[in-house]
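On a predicted model such as this, the values are computed, not experimentally measured, just so you know.
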Amino acid sequence: MENIQAVISQQAGKITCNFEQVEAALNERMHEFDGAIFTEESKSIAKKIVAGLRAEQKGFADNLKEEKKKYMAPWDSFEARAKLLIAKYDEPVNYINGQVKEMEEKRVAEKRKQISQIYLESIDGTNIDNYITLERIYNPKWENATYKEKDIRKDIVSAAVAVSQAVTTIQMMNSEAQDKAIEVYKKNLDLAEAIAYINRYEQQKRDIIAREEEKRRAEEEARIRREEREKLEAEQRARAAVEEERRKAEEALEAERRRAEAERYAAVEQAKVETAQEVIDSLIPAPEEEANLYEYRVSLSEDGKQKFEMYMDSVGIEWEMI
């Protein structure tokens, strides 16, 4: 089949317009308005001028569109036919591509089966599939026709060895979080992230233990302080009780002493009263005795004078101050 290449050619068309004449006319009209000032009285004239200029402008623009449409009509017709021919190329292209695609899909499907078989053979006798699936290490490049079977096997074995070493490394850390760390590793095959997870867990664990130890220490110190305080308070209460008993005993003794003292004082006073009465009675002259006049000069204080006068009155002595 002879290849025929489409070749497009054209002859230069000619479009004319009196640009210079119109431009000169517009420039002349613009000079007419240089320094022009419109007022309220000339506003209607200004509007008419603006309307006229806009009408001319629109007429020119409409004429341009119309002439462009006429000028482009042959091209539009030519372009439509050319696009139909261009689309014609898709028919054999799609037909051939369909077969090529079908063959490629078949080849890729067979290659995928081969890759799956290589994976099973490579992990046979191991437990790597417990940690990682073929999908997690799958490389789309393996499906290329140029990627050889030995290279695929090498990649899978290398990946399996890396996974085995990573899992062993995680397990050798002997952490309670190793199961969770393995799950972290399985998500993105990043050993560093899995180790960082364990390190964070262990640090948190140490922090918790430290806080609990600090809490126990604080509680123990608080208990000791409480017991010492309670012991001190008990001793203080005991001393206070002894002191209270001593105080009560002293008060009782003092009360007894005061009672005895009061009794003694009352007895003495009673004795004094009785003795004084006897003295007074002995000093009171008998009524039947004859009274004589005696004169004494006595030096007394004011208080002594009053008591002396009271005494003489009490024993019935008649007296007068000279």
Side-chain angles (χ1 to χ4, degrees), residues 1-112 115 133-147 155 184 186-190 192-193 196-197 200:
M1 176 180 172
E2 184 181 358
N3 288 334
I4 299 176
Q5 182 68 36
V7 179
I8 299 174
S9 63
Q10 63 175 318
Q11 295 178 353
K14 186 178 181 181
I15 304 174
T16 61
C17 178
N18 57 336
F19 287 122
E20 291 79 4
Q21 184 182 0
V22 174
E23 184 176 4
L26 282 173
N27 288 336
E28 184 178 351
R29 295 185 68 180
M30 286 299 300
H31 288 311
E32 293 177 2
F33 303 118
D34 288 346
I37 298 176
F38 294 92
T39 62
E40 187 65 29
E41 290 76 9
S42 60
K43 182 171 66 175
S44 59
I45 297 174
K47 288 183 177 181
K48 288 179 181 181
I49 294 172
V50 170
L53 291 171
R54 285 179 175 173
E56 290 179 13
Q57 182 187 42
K58 183 178 183 302
F60 188 12
D62 291 344
N63 182 230
L64 177 63
K65 291 178 182 178
E66 184 63 28
E67 293 304 318
K68 180 181 178 180
K69 184 177 180 182
K70 292 178 182 179
Y71 184 83
M72 294 298 295
W75 174 262
D76 291 341
S77 176
F78 174 82
E79 185 181 30
R81 186 175 180 183
K83 286 182 177 180
L84 287 174
L85 288 175
I86 291 172
K88 271 286 187 182
Y89 286 95
D90 290 335
E91 294 179 9
V93 168
N94 292 337
Y95 176 73
I96 296 170
N97 273 345
Q99 295 185 42
V100 172
K101 183 179 180 182
E102 184 178 349
M103 289 186 290
E104 181 65 14
E105 289 176 350
K106 182 178 179 180
R107 185 195 65 78
V108 170
E110 291 176 354
K111 192 68 175 288
R112 287 175 178 172
I115 294 170
T133 62
L134 174 60
E135 290 74 13
R136 292 292 292 111
I137 61 173
Y138 198 88
N139 188 345
K141 291 182 179 180
W142 295 343
E143 298 176 359
N144 295 340
T146 57
Y147 216 96
D155 291 349
V184 171
K186 288 165 64 175
K187 287 181 180 180
N188 53 15
L189 302 182
D190 189 340
E193 184 176 350
Y197 177 86
R200 288 194 300 271

* Asked: Any side-chain heavy atom of Ile115 sitting closer than 4.5 Å to one from Tyr147?
  -> no

* Any side-chain donor paired with an acceptor under 3.5 Å for Tyr95 and Gln99? -> yes

* Structure fact -> Rounding to 0.5 Å, atoms CD (Gln57) and CG (Asp62) come to a distance of 10.5 Å

* Identify whether the distance between the nearest side-chain nitrogen and carboxylate oxygen of Glu67 and Lys70 falls below 4.0 Å. => yes

* Structure fact -> For Tyr138, the ring-ring contact (aromatic ring centres under 6.0 Å, His included) test, sequence neighbours excluded, returns Trp142

* Measure from the side-chain N and O atoms of Asn139 to the backbone N and O of Lys141, and report whether any donor-acceptor pair falls under 3.5 Å. => yes

* Asked: Asn18 side chain to Gln21 main-chain N or O, any donor-acceptor pair under 3.5 Å?
  -> no

* To do: Decide yes or no on salt bridge (charged side-chain N to carboxylate O under 4.0 Å, His left out) for Glu66 and Lys69, but give the supporting numbers first.
  => CA-CA 5 Å; Glu66 184 63 28; Lys69 184 177 180 182; 5.6 Å; no

* To do: Heavy atoms only: give me the nearest Glu143-Arg112 pair and the separation to one decimal.
  => OE2-NE, 2.9 Å

* Tell me the salt bridge (charged side-chain N to carboxylate O under 4.0 Å, His left out) pairs involving residues 91-102, sequence neighbours left out? -> Lys88-Glu91

* **Minimum-distance pair of heavy atoms, taken over all atoms of Asn188 and Glu193** => ND2-OE1, 2.5 Å

* For residues 42-54, pull every pair meeting salt bridge (charged side-chain N to carboxylate O under 4.0 Å, His left out), keeping only residues two or more places apart or in separate chains. => Glu40-Lys43

* Asked: Quick one: does Ser77's side chain have a donor or acceptor within less than 3.5 Å of a partner on Pro74's backbone?
  -> no

* Asked: Leu189 versus Ile137: any side-chain heavy-atom pair under 4.5 Å?
  -> yes

* Asked: Any donor and acceptor pair, going by atom type alone, linking the side chain of Asn63 with main-chain N or O of Gly59 inside 3.5 Å?
  -> no

